Amino acid sequence: MKSFDSVTGFVLPDPKIRLFLWSVLIMISLISGAYFVGNAFFAKEYKQRLARWGLIHTIPNSKSYACKRQCLPFGSEALPEGIIARTSNLEMRPLWDSGKDNRILKRPLNLLAMAIGVKQKEIVNKIVEKFLSSDFVVMLFHYDGFVDGWKSLAWSNRAIHVSAINQTKWWFAKRFLHPDIVAEYNYIFLWDEDLLVDNFDPKRYLSVVKEEGLEISQPALDPTKSEVHHPLTVHKAGSKVHRRYYKLKGSGRCDANSTAPPCIGWVEMMAPVFSKKSWQCVWHLIQNDLIHAWGLDRQLGYCAQGDRMKNVGVVDSEYIVHLGLPTLGGSNGNEVPSGSPGDNARAKVCYTRV
């Protein structure tokens, strides 16, 4: 029986009929929702199938596509993405296939680079032997041009030799240690040649560096045998690492409140060690006309990958001796005299494998 609504004046249907109408309405809504969702899903899948079959061309997201093209190395824009080799390494390759498996099962993960002269051959030999035995790649910058003078050493063929007359290690580093070339190496040791390593082990040193989170570091100097220019670099007996130096009297005081070099967050330039990330920054910091790196040490904090007071430090547990010998440019050193075979050869640079 139908009921009458006195307010609207309409005759209301039976409750059973109302329930049926509501059920139909809900069913229609569910079917419509399922249709639209399914249509969107199957349409996407259908387009993907057609694209795979080559029947239609997909249009890439314009923003992401533009970003990918902008991030490509300069000059490689015309190349297919899968063929681009962004980085390299210092691994030497044989000229011809010998029939043997030439793949290196375990590539060295760290690099030692030094500017050297033949007059320091004995000292350099001890350094290189220690690093090669610790699975380092060794790259030697010959500032005196006498590459042949190293052929007698057993490891000479394993090292990479670069020669340019009367150039410092910073000149070499800027031109031959680009971050893309040394991208495979976790740590880069950029050392002088006048260092004694009797109390230094590269593997133990890196273990400490990783444990302490040092991005830029150097081994401490034995104060009894070294030429010390800055007290912060002096070896502290019984210590593993130190980052701060205290001087409470006189000028140039350093205390617990000091926040700048050379009181804290600072290393000297004779034996710096850089992490991969820090070197990517330091390389750009080195100016093309940089010679002796004076002042560069105070700017390294920009490349500390965070707080220089935490990420820059001196390792005491593995320490060295800095002899302070006059070498390149010194009156008694290895600078090539005028009239020598390498005279007037500033621009003559050659890679050499001896």
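Atom set for the values below is all heavy atoms of this structure, side chains included, hydrogens, waters and symmetry mates excluded. Computed from a predicted structure; not experimentally measured.
At least one donor-acceptor pair closer than 3.5 Å links the side chain of His178 to the backbone N or O of Asp180. Judged purely by atom type and a 3.5 angstrom limit, Ser278 uses its side chain to pair as donor or acceptor with the backbone of Ser275.
When the side chains of ILVMFWY residues are joined at heavy-atom separations under 4.5 Å, either directly or via intervening members, Trp266 and Val234 end up in two distinct hydrophobic clusters. With hydrophobic clusters built from ILVMFWY side chains whose heavy atoms lie under 4.5 angstrom apart, Leu109 does not share a cluster with Ile160. A continuous path of ILVMFWY side-chain contacts below 4.5 Å connects Met114 to Ile123, so both sit in one hydrophobic cluster. Residues Met309 and Val312 do not share a hydrophobic cluster, defined by chaining ILVMFWY side chains whose heavy atoms lie under 4.5 Å apart.
With sequence neighbours excluded, the residues satisfying ring-ring contact (aromatic ring centres under 6.0 Å, His included) with Phe274 are Trp279.
Counted by atom type alone, Thr168 and Lys174 present zero donor-acceptor pairs between their side chains at under 3.5 Å. A donor-acceptor pair shorter than 3.5 Å can be found between the side chains of Tyr143 and Glu193.
A salt bridge links Glu211 with Lys240: the distance from a Lys NZ or Arg NE/NH1/NH2 to an Asp or Glu carboxylate oxygen falls below 4.0 Å. Contact check on Glu212 versus Arg243 returns a salt bridge, with a Lys/Arg side-chain nitrogen under 4.0 Å from an Asp/Glu carboxylate oxygen.
A centroid separation of less than 6.0 Å is found between the aromatic rings of Phe189 and Phe136. With ring centers used as reference points, Trp191 lies under 6.0 Å from Phe200. Checked against a 6.0 Å centroid threshold, the rings of Trp150 and His161 do not count as neighbours.
The one candidate from Ile181, Val162, Val182 that meets the side-chain contact (heavy atoms from CB on, under 4.5 Å) condition with Phe176 is Val162.
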